[in-house]
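First up is the structure itself, then whatever we jot down about it.
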Amino acid sequence: MFCYQCEQTAKGTACTAGGVCGKSPEVAALQDLLTYALKGLAQVAVAARAQGTSDNQVDRFTAEALFSTLTNVDFDPERFAVLIKKAAELRDGLKAKISGVSFAEGPATLAPAGDVAGLVAQGEKYHFKVNDSANADITSLAHLLIFGLRGLAAYADHAAILGKQADEVWAFLQEALAATIHPDEKSLEEWIGLVLKCGEVNLKAMELLDAGNTGAYGDPVPTSVPLGHKAGKAILVSGHDLKDLAMLLEQTAGKGITVYTHGEMLPTHGYPELKKHPHFHGHYGTAWQNQGKEFPEFPGAILMTTNCIQKPRGDAGDKLYTTGLVGWPGLPHIAADVNGNKDFSPVIQKALSLPGFPADEDKGSVMVGFAHKAVLGVADKVIEAVKAGAIKHFFLVAGCDGAKPGRNYYTEFVEKTPRDTVVLTLACGKFRFFDKNLGDIGGIPRLLDVGQCNDAYSAIQIAVALANAFGVGVNDLPLSMVLSWYEQKACAILLTLLHLGIKDIRLGPTLPAFVSPNVLKVLVDNFNIMPIKTADEDLQAILGQAA
Ligand code: FSO
Ligand code: SF4
């Protein structure tokens with residue numbers, strides 16, 4: 001196997017004998033074959049679009065299948081076998097609708113083997129690097145594009161679940177996937193254009209997702225979330241999918257079960273249509289990499305709606321359920337019916353059979369709900385505070401958490417930010433500092449939780465609105481972005497920030513293994529992107545420049 005798509009890749013270069021994430025070589029081969037099959041489907045979809053034919057089933061499937069190959073989503077070989085076969089079926093169905101185009105070879109002609117073992121053997125043949133260019137920089141950009149597309153697919157899928165889709169997103173997904181079949185047909189400059197376009201289209205997908213989430217559940221409002229629990233039966237919900245949480249809250253109403261969030265579900269407490277449920281109580285645990293310890297200690301059932309799932313430890317495997325695109329071999333999976341509805345009865349029955357929490361416990365609370373509408377609702381106050389010198393600088397400390405010790409940088413960085421600065425945060429990296437009391441500036445909390453990684457659109461809206469209010473560009477604001485990446489949604493967001501021309505981003509804890517020295521040079525020369533150093537050095541460099 002060869003996989004280097006995430007930050008925890010082995011030795012900072014590639015996982016070649018099993019994934020650090022827990023991905024087996026078998027699943028890696030199946031993911032490679034699925035990616036290859038999706039390129040073939042995309043090639044046919046592009047030809048069909050040129051003849052005025054598109055198929056929404058193909059569009060939605062492409063996003064779902066790509067999302068399945070994102071880090072920590074699906075580890076189940078059987079599920080990949082189904083996806084690979086469906087990719088070929090949809091491709092052949094679409095081929096039958098077009099005329100005058102023949103596909104003599106390549107991924108559009110792939111005939112999937114009949115069983116998992118056969119598919120694994122094919123995946124080893126059509127492995128991830130099968131279409132690589134001899135030019136290392138073109139290969140680097142093509143891989144960056146594939147990883148960005150996986151992130152884009154995740155956002156587009158989340159949005160589509162909530163009824164928000166745009167044909168421009170589907171068309172780009174297919175056009176870009178097809179472009180990776182013959183990477184040498186494009187110049188280096190064209191490849192750079194394509195990866196930045198991925199960032200542009202990702203912004204559209206994130207906008208659709210924001211509209212989907214807020215349209216269905218209202219605009220988040222500042223909300224205090226308890227970190228303790230109530231006595232009684234319990235269900236823990238992790239991942240990012242608001243619709244799954246909403247359905248579960250409806251189905252658990254009046255059943256004597258309290259529903260808690262885990263990981264990236266924390267910000268959902270701010271949504272009016274979710275927080276209205278009296279049994280939706282608090283937050284349990286921290287970020288994804290700690291689930292091995294946290295899940296066995298939870299005395300109820302656990303539902304994983306999207307990434308990042310890890311191998312169940314202790315008794316977690318007996319009370320853990322997956323839904324959506326998440327999969328782990330042997331774990332029960334709750335599938336949607338044709339209308340997208342899900343029956344969470346098995347999760348509810350499991351929660352009722354488990355002991356639950358023996359007594360109430362107060363462990364303090366954190367604030368969430370500072371998405372763009374909430375922050376811009378107090379924009380006058382914020383602008384006044386900046387003009388009066390009470391707020392000297394904004395930091396966006398955002399991105400993923402992970403297991404590496406170097407991620408303590410983010411805790412230290414936030415702790416050391418001066419008292420006249422405000423920290424905006426989003427995604428699971430916040431668990432490095434989410435429960436720190438940073439105080440407030442004239443009633444404006446110094447730590448503002450904008451939401452999930454899925455809400456990066458909100459942070460962009462806040463930055464753009466502040467820039468407009470001060471009559472400057474985003475790069476001229478007293479705002480510094482200090483980002484942590486782990487998986488491919490973070491790649492897509494980074495491409496969006498680059499598309500928007502954002503400069504001086506600090507990125508850590510390490511730089512991506514798939515970025516070649518020359519591609520890194522392009523990023524440094526054009527965007528002054530830089531690796532994190534120490535919290536002290538970076539704070540001094542930022543505030544020294546800003547003074
Ligand atoms: Fe985290 Fe995982 Fe939200 Fe990522 S839970 S690491 S960017 O997949 O999704 O922030
Ligand atoms: Fe390794 Fe990350 Fe790929 Fe998992 S997703 S196999 S940890 S590079």
Side-chain angles (χ1 to χ4, degrees), residues 1-32 35 67-75 127-129 143 146-148 150-155 157-158 202 206 209 237-242 261-268 285-291 294 304-311 324-326 397-404 407 410 425-432 434 449-456 459 483-494 496 507 509-510 512-514:
M1 68 178 279
F2 177 91
C3 183
Y4 66 168
Q5 66 173 348
C6 85
E7 191 273 335
Q8 78 181 147
T9 193
K11 298 193 179 98
T13 52
C15 294
T16 53
V20 177
C21 60
K23 183 156 82 182
S24 65
E26 182 188 29
V27 168
L30 293 166
Q31 289 188 351
D32 286 355
T35 304
F67 190 1
S68 296
T69 65
L70 198 124
T71 300
N72 291 342
V73 173
D74 190 355
F75 294 84
H127 55 80
F128 182 73
K129 290 165 73 68
H143 290 184
I146 290 177
F147 302 147
R150 287 178 177 173
L152 162 61
Y155 290 129
D157 180 57
H158 274 296
N202 186 55
M206 287 197 300
L209 176 54
V237 187
S238 193
H240 303 73
D241 196 304
L242 271 60
T261 53
H262 175 267
E264 277 279 69
M265 279 293 186
L266 166 61
T268 60
T286 52
W288 64 272
Q289 77 279 2
N290 299 324
Q291 64 189 258
E294 293 169 353
M304 184 58 87
T305 65
T306 56
N307 53 328
C308 285
I309 193 170
Q310 293 286 275
K311 182 180 183 181
L325 299 172
V326 196
V397 185
C400 324
D401 207 350
K404 284 197 182 153
R407 289 180 182 265
Y410 297 95
T425 191
L426 58 86
C428 62
K430 72 168 74 92
F431 289 106
R432 296 274 162 176
F434 80 126
D449 186 347
V450 180
Q452 302 178 334
C453 55
N454 292 19
D455 301 310
L483 308 182
S484 52
W485 83 285
Y486 172 64
E487 41 81 329
Q488 300 78 51
K489 281 191 279 181
C491 296
I493 293 170
L494 188 65
T496 296
L507 183 64
T510 52
F514 49 83

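One-based numbering, in listed order, for ligands and for the atoms of each.
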Completion exercise
Atoms of ligand 2 under 4.0 Å from any heavy atom of T9, numbered from 1 in the order shown, are 8 (S)
Fill in the blank from the handout: In ligand 2, the atoms that come under 4.0 Å of a heavy atom of Y4 are 8 (S)
Practice task
Examine distances only and state if a side-chain atom of T306 and a backbone atom of G239 form a donor-acceptor pair shorter than 3.5 Å.
Solution key: no
Exercise for the section: Begin with the C-alpha distance, continue with both residues' side-chain angles, and end with the deciding distance and a verdict on side-chain hydrogen bond (donor to acceptor under 3.5 Å, both in side chains) for T496 and N202. Expected result: CA-CA 6 Å; T496 296; N202 186 55; 3.0 Å; yes
Practice task
Answer yes or no for C453: is there an N/O/S atom below the 2.8 Å cut-off from atom 3 (Fe) of ligand 1?
Solution key: yes
Practice task
Indicate if the distance from atom 3 (Fe) of ligand 1 to the nearest N, O or S atom of H240 falls below 2.8 Å.
Solution key: yes
Practice task
Check whether any N, O or S atom of C6 sits under 2.8 Å from atom 3 (Fe) of ligand 2.
Solution key: no
Problem - Shortest heavy-atom approach to atom 4 (Fe) of ligand 2 - which of S24, C21, G19, A10 - result: C21
Completion exercise
Check: of N72, T13, L70, T71, min heavy-atom distance to atom 5 (S) of ligand 2 comes from T71
Exercise for the section: Flag the pair K489 and E264 as a salt bridge only when some basic side-chain nitrogen lies within less than 4.0 angstrom of an acidic carboxylate oxygen. Expected result: no
Give yes or no for whether the N/O distance cutoff of 3.5 Å, strictly under, is met between [X] and ligand 1.
{"X": "E264", "value": "yes"}
{"X": "D401", "value": "no"}
{"X": "K489", "value": "yes"}

Exercise for the section: Considering heavy atoms of the protein only, find what lies nearest to atom 1 (Fe) of ligand 2 and give residue, atom and distance to 0.1 Å. Expected result: C15 SG, 2.3 Å
Practice task
Please state whether N72 comes within less than 4.0 angstrom of ligand 1, counting heavy atoms only.
Solution key: no
